[in-house]
S.K.: 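Below is a structure I'd like to ask you about.
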Protein chains: 2
Amino acid sequence: MPLPASPVLDSDDLTGLLHQRGQRATPQRLVILRELRRRERHATADEIGQAVREALPGTSIPTVYATLELLVELGLARRVGAGSGATLYDARTAPHQHMVCRRCGRVDDLDGEVETGALREAAGADGFHVEGVEVVMSGLCADCARRGEKERALRR
Amino acid sequence: MPLPASPVLDSDDLTGLLHQRGQRATPQRLVILRELRRRERHATADEIGQAVREALPGTSIPTVYATLELLVELGLARRVGAGSGATLYDARTAPHQHMVCRRCGRVDDLDGEVETGALREAAGADGFHVEGVEVVMSGLCADCARRGEKERALRR
DNA sequence: ATTGGTGCAAATCCTTTGCAATAGC
DNA sequence: GCTATTGCAAAGGATTTGCACCAAT
């Protein structure tokens, strides 16, 4: 189950959460969460790594990956399988979905909730423990659709 | 094993579709589609490549990737961003969703449709041309959930 | 005859692993 | 002090590119 709805959870809460599990609250972990939250947008591990290094030089990429994965497990972040390119991580709590352009790879947000109750139930009946549901729309973003039209026109 | 008759569109239709776009109906393309359809399940590019090579030795991996991507563009296949590991391709036409186990990476199907009309409309209003909607549930499969319980019990 | 497709090899990109050193608890 | 976590370097996988050759139209 995702975690209790708490719109914003500060770093101290992360510390507590980790301690409960017998894990350590390292500066890297705190800063990574902070950086992920600072952006009101999804980010790649690499982007987060660069940002974190400004506050905490030397922070390594393996650490960033491990921590992001840990945050997902703790319910503090979502993974977004954009399909093309790198995995995205997102700390936004408000329900929202993603649109991925298959031409330029851009990923945009779309606010709104999707009714997944029936789906979750069906999965549960199969013994699957649902932790999250990702809805990704693929297609062409406005820019690429426009460009596509042009190209088709030229070809004639 | 004899080839099951394709439920929807046979290879000749692919030929026509390609010609309409000024593209060529190569044996590789026809066999790749046939192999993807033969499996009533999602498959990786590599799996398809191996199967195709039995009928058409020498078929290369870049060709398999390019063709699968082409089939997606033609609407004859779906991409499933399983998140962990390789991208999956699926030629099943019936509406169904996917469950990905975050522990063992297994991907299972779940039949059923999800109401995405409102979402598509909202995306369209943003100028985005929706081609497909992918719903992926993540969590633990029955096996891994059971194993997880055990491990937690042992730790105490 | 054109020119779109293919195969090959190599490159690129993302992510994970192994292991010694470090630092929370 | 114990051991989880880190950084480093390197490995590992998946997917893409560049280019010369081939084949569908």
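Quick note on labels: first sequence line is chain A, next is B, and so on, each numbered from 1. As the structure is a prediction and not an experimental result, all values here were calculated from the model.
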S.K.: Using heavy-atom distances to pick each residue's nearest nucleotide on DNA chain D, tell me which of B:His19 and B:Tyr89 is more 5'.
M.R.: B:Tyr89

S.K.: Starting from P on C:dG5, measure out to CD on B:Glu69 and report it in whole angstrom.
M.R.: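 So the two atoms are 15 Å apart, to the nearest Å.
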
S.K.: A:Leu71 vs A:Tyr89, test: side-chain contact (heavy atoms from CB on, under 4.5 Å). Steps then yes/no.
M.R.: CA-CA 10 Å; A:Leu71 293 176; A:Tyr89 293 87; over 6 Å; no

S.K.: Could you state the CZ-P distance from A:Arg29 to C:dT22, rounded to the nearest angstrom?
M.R.: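 Atom-to-atom, A:Arg29 to C:dT22, this comes out as 19 Å.
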
S.K.: Nearest-Å distance, CG (B:Leu68) to P (C:dT6)?
M.R.: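 The answer, rounded to whole Å, is 12 Å.
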
S.K.: I'd like to know if A:Arg39 and A:Asp90 make a salt bridge, using a cut-off of under 4.0 Å between side-chain N and carboxylate O.
M.R.: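 No salt bridge links A:Arg39 with A:Asp90.
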
S.K.: Counting side-chain heavy atoms from CB outward, which of D:dT16, D:dT5, D:dT25 is closest to B:Ala25?
M.R.: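 Looking only at heavy atoms from C-beta outward on B:Ala25, the closest nucleotide is D:dT25.
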
S.K.: Starting at CG of A:Leu17 and ending at P of C:dC25, how long is that distance when rounded to a whole Å?
M.R.: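 So the two atoms are 14 Å apart, to the nearest Å.
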
S.K.: Has the side chain of B:Arg24 got a donor or acceptor atom sitting under 3.5 Å from an opposite partner on the base of C:dG5?
M.R.: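 Per atom types, no contact qualifies.
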
S.K.: A:Pro62 has a side chain; which of D:dT15, D:dC8, C:dA9 sits nearest to it?
M.R.: D:dC8

S.K.: Between C:dG7 and B:Thr63, is there an OP1 or OP2 to side-chain N/O distance shorter than 4.0 Å?
M.R.: yes

S.K.: Report the distance from atom CD1 of A:Ile61 to atom P of C:dC14, rounded to the nearest whole Å.
M.R.: 10 Å

S.K.: Hey, is B:Arg79 close enough to B:Glu134 for a salt bridge, meaning N to O under 4.0 Å?
M.R.: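 Salt bridge between B:Arg79 and B:Glu134, a charged N being under 4.0 Å from a carboxylate O: no.
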
S.K.: Whole angstrom is fine here: how far is it from CZ in A:Arg53 over to C1' in D:dG7?
M.R.: 11 Å

S.K.: Looking at every strand, decide which applies to B:Ala66 at a 4.0 Å heavy-atom threshold: base, sugar-phosphate, or nothing.
M.R.: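 Answer is nothing: B:Ala66 stays at 4.0 Å or more from every strand.
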
S.K.: Whole Å only: how far is the CD atom of A:Glu47 from the P atom of C:dT15?
M.R.: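 Spelled out: CD on A:Glu47 to P on C:dT15 is 11 Å.
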
S.K.: Does D:dA23 have its OP1 or OP2 closer than 4.0 Å to a side-chain nitrogen or oxygen of B:Gln28?
M.R.: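 So the side chain of B:Gln28 is outside the cut-off, no N or O lying under 4.0 Å from OP1 or OP2 of D:dA23.
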
S.K.: Establish, with yes or no, whether the OP1 or OP2 oxygen of D:dT5 is under 4.0 angstrom from a side-chain nitrogen or oxygen of A:Gln23.
M.R.: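 Checking A:Gln23 against D:dT5: at least one side-chain N or O falls below 4.0 Å of OP1 or OP2.
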
S.K.: So does B:Tyr65 get a side-chain nitrogen or oxygen closer than 4.0 Å to the phosphate oxygens (OP1/OP2) of D:dT15?
M.R.: yes

S.K.: Is a salt bridge present between A:Asp109 and A:Arg92, judged by a nitrogen-to-oxygen distance below 4.0 Å?
M.R.: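 Here A:Asp109 pairs with A:Arg92 in a salt bridge, since their nearest N and O are under 4.0 Å apart.
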
S.K.: One thing to verify: whether A:Arg21 and A:Glu73 come together as a salt bridge, which I'm taking to mean a side-chain N less than 4.0 angstrom from a carboxylate O.
M.R.: yes

S.K.: Is the distance from OP1 or OP2 of D:dA4 to the nearest side-chain N or O of A:Thr26 less than 4.0 Å?
M.R.: no

S.K.: Considering every strand and a 4.0 Å limit on heavy-atom distances, what is the contact class for B:Thr44: base, sugar-phosphate, or nothing?
M.R.: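 Here B:Thr44 touches no strand at all.
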
S.K.: On DNA chain C, check which nucleotide each of A:Asp46 and B:Thr59 is closest to and give me the residue with the more 5' one.
M.R.: B:Thr59

S.K.: Could you state the CD1-P distance from B:Ile48 to D:dA14, rounded to the nearest angstrom?
M.R.: 15 Å

